[in-house]
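Some notes on the structure that comes next.
Ligands are counted one by one from 1 in listed order, and the atoms in each one are counted from 1 as well.
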Amino acid sequence: VNEFELIARLTQHLPTNEGVVVGAGDDCAVLHAYDPDCYLLLKTDAVVEGVHFNRDAVPEQIGHKALGRCLSDVAAMAGTPRDAVVTLGLPAAFEASWAERLYEGLNALARRYSVAIVGGETVQSPDRCFLSVAVLGSVLKDKCILRSGARAGDALFLTGELGGSLASKHLTFEPRVREAHWLAEHFALHAMIDLSDGLASDLRHILEASKVGAEVLASALPISHAARLRAKTGASKKSPLLAALTDGEDFELLFTSAPGNAVRLLDTWKQQFPHTRLTCIGKVTPGPGVVLKTKEGVQPLSAHGYVHFS
Ligand SMILES: [Mg+2]
């Protein structure tokens, strides 16, 4: 098929929503302006063959991951994703059905969150496929959660489990959009980020933006089954704890809130999201720096992990 035939196929069943005046097919998408009480959120992200996925990956899952990464970032602001545009780079020799399956994964995730796909571009790419997604979202001005609001004394919370994602869920993770909304609606969150590079690395973004430090409790970290299994079978040389701290692609939410909220937060979360863990993993300190508290004592935690006591 030629490019125009492919575009016709890919744009045939794109998800839409009530905010779309003109979707894919004109020179630009035309969207209704949002509520004046909202900020707009804009985010782009790309996945590249050989870096974020392999050619033998399930194409639907590649589409899912590319959009999911952007939705996870919108979730980290407690926002609502609204619209997306997609750029697909394809080598000359490719199967049109592969691109169609990729779009099926993209569309399915978009539909679940009422995200309209309102346009994009297919482009020839010399030897590798890539997929770039840009997402427009909105958030009520008084509910927008930045990285910069953490305060010394805050409790540090984490959704889900950490580690081993590349061997398990990185192509199928569910962005925490609903969870973030619920959190922002019911609790005063001070700072939030989604974990893409690993806890030890992403935590520092909150701390640097907020000019504070943190103490992380090693025994509290929710380590995934995949991370434990990989350590046990020798598939990974990292200990489960190190995997939880430094493996990337978790796409969980890390946030801070006043310590007085902790009990009610953990209790009501359990009722609201019985299948997803929420864990208090430590606290924000005046800083500077991050320390990891283990049975052996307290040691500095770098972006790459920690040094074992000898
Ligand atoms: Mg992010």
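- Counting only protein N, O or S atoms closer than 2.8 Å to the Mg ion (ligand 1) gives 2.
- Ring centroid separation for the pair F273 and W182 comes in under the 6.0 Å cut-off.
- In summary, K283 and D154 do not engage in a salt bridge, as defined by a charged side-chain N under 4.0 Å from a carboxylate O.
- T122 and E3 share a donor-acceptor pair across their side chains, judged by distance under 3.5 Å alone.
- Taking the charged nitrogens against the carboxylate oxygens, E252 and R176 do have a contact shorter than 4.0 Å, which makes a salt bridge.
- Under the 3.5 Å distance criterion, with hydrogens and angles disregarded, no donor-acceptor pair is assigned to the side chains of K295 and S219.
- Grouping the Ile, Leu, Val, Met, Phe, Trp and Tyr side chains by contacts below 4.5 angstrom, directly or via other members, places L156 apart from I145.
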